[in-house]
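Scroll down for the structure; my scribbles are underneath it.
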Amino acid sequence: MADSSHKRHIAKTITWRLIGTLDTIILSWIISGSPTTGLKIGLAEVVTKMLLYYLHERVWFKINLSKDGRVLESRKRHIAKTITWRFIGTLDTMILAWIISGDPLTGLKIGFAEVVTKMLLYYLHERFWYKINYGLPNRNA
């Protein structure tokens, strides 16, 4: 199962990064007014976010939030994962946007705008992956 779960988490990392990068590029472009700045911020995030997301997935895979021996219901778990990931992701975005744009206010604006868009997109991404069995050959559908 370890090999399968690693494949699953790598696939989730890649699909989420595609969605997240597009969102970052668009928001950064709109907020900064510069398509070049938007692209720079979005592309800089590819490496940092993929590493951070993979580590986040591995930590959550090992966490067993159970109550009376029952695993935490999937929707509540996905909401908790959404919140923890958004905190990490927003901090990374704010720092990168500040460095690339040279303006801390631009970093804050992009980071706060992403809180809304990324939480919704991440939750939908989690729900999609919950419904498919890729990398989980022993899970019942």
Let's go through H78 and W60 carefully: what are the C-alpha distance in whole Å and the side-chain angles of both, what is the deciding distance for side-chain contact (heavy atoms from CB on, under 4.5 Å) to 0.1 Å, and is it a yes or a no? CA-CA 10 Å; H78 295 154; W60 272 95; over 6 Å; no
Using 0.5 Å steps for rounding, measure from the [atom1] atom of [X] to the [atom2] atom of [Y].
| X | Y | atom1 | atom2 | answer |
| --- | --- | --- | --- | --- |
| I63 | R58 | CD1 | CZ | 12.0 Å |
| S28 | L43 | OG | CG | 10.5 Å |
| L18 | T13 | CG | OG1 | 11.0 Å |
| R17 | K49 | CZ | NZ | 6.0 Å |

Considering non-hydrogen atoms only, spot the tightest contact between [X] and [Y] and give its length.
| X | Y | answer |
| --- | --- | --- |
| T24 | G42 | CG2-CA, 4.0 Å |
| H56 | I88 | CD2-CD1, 3.9 Å |
| S32 | G38 | OG-N, 4.3 Å |

Hphob cluster co-occupancy, [X] + [Y], side-chain heavy atoms under 4.5 angstrom:
| X | Y | result |
| --- | --- | --- |
| L22 | L124 | no |
| W85 | Y54 | no |
| I19 | L52 | yes |
| I83 | V115 | yes |

After noting the C-alpha distance and the side-chain angles of K40 and L96, does the key distance pass the side-chain contact (heavy atoms from CB on, under 4.5 Å) rule? CA-CA 9 Å; K40 285 180 182 177; L96 288 173; over 6 Å; no
Between [X] and [Y], is any pair of side-chain heavy atoms under 4.5 Å apart?
| X | Y | result |
| --- | --- | --- |
| K7 | Y134 | yes |
| I79 | E126 | no |
| F61 | H6 | no |
| L120 | V116 | no |
| F128 | K12 | no |

Classify the ring geometry of Y122 against W16: parallel below 30°, tilted from 30° to 60°, perpendicular beyond 60°. perpendicular
Review item, side-chain donor-acceptor pairs of residues 102-113, under 3.5 Å, at least two apart:
residue	atom	partner	partner atom	Å
D103	OD1	L105	N	3.1
D103	OD2	T106	OG1	2.9

Test side-chain contact (heavy atoms from CB on, under 4.5 Å) on M94 and E114; report intermediate values, then the result. CA-CA 10 Å; M94 286 178 173; E114 276 194 349; over 6 Å; no
Could you go through the side chain to side chain donor-acceptor pair (under 3.5 Å) check for T21 and E45 one step at a time? CA-CA 7 Å; T21 297; E45 281 192 346; 5.5 Å; no
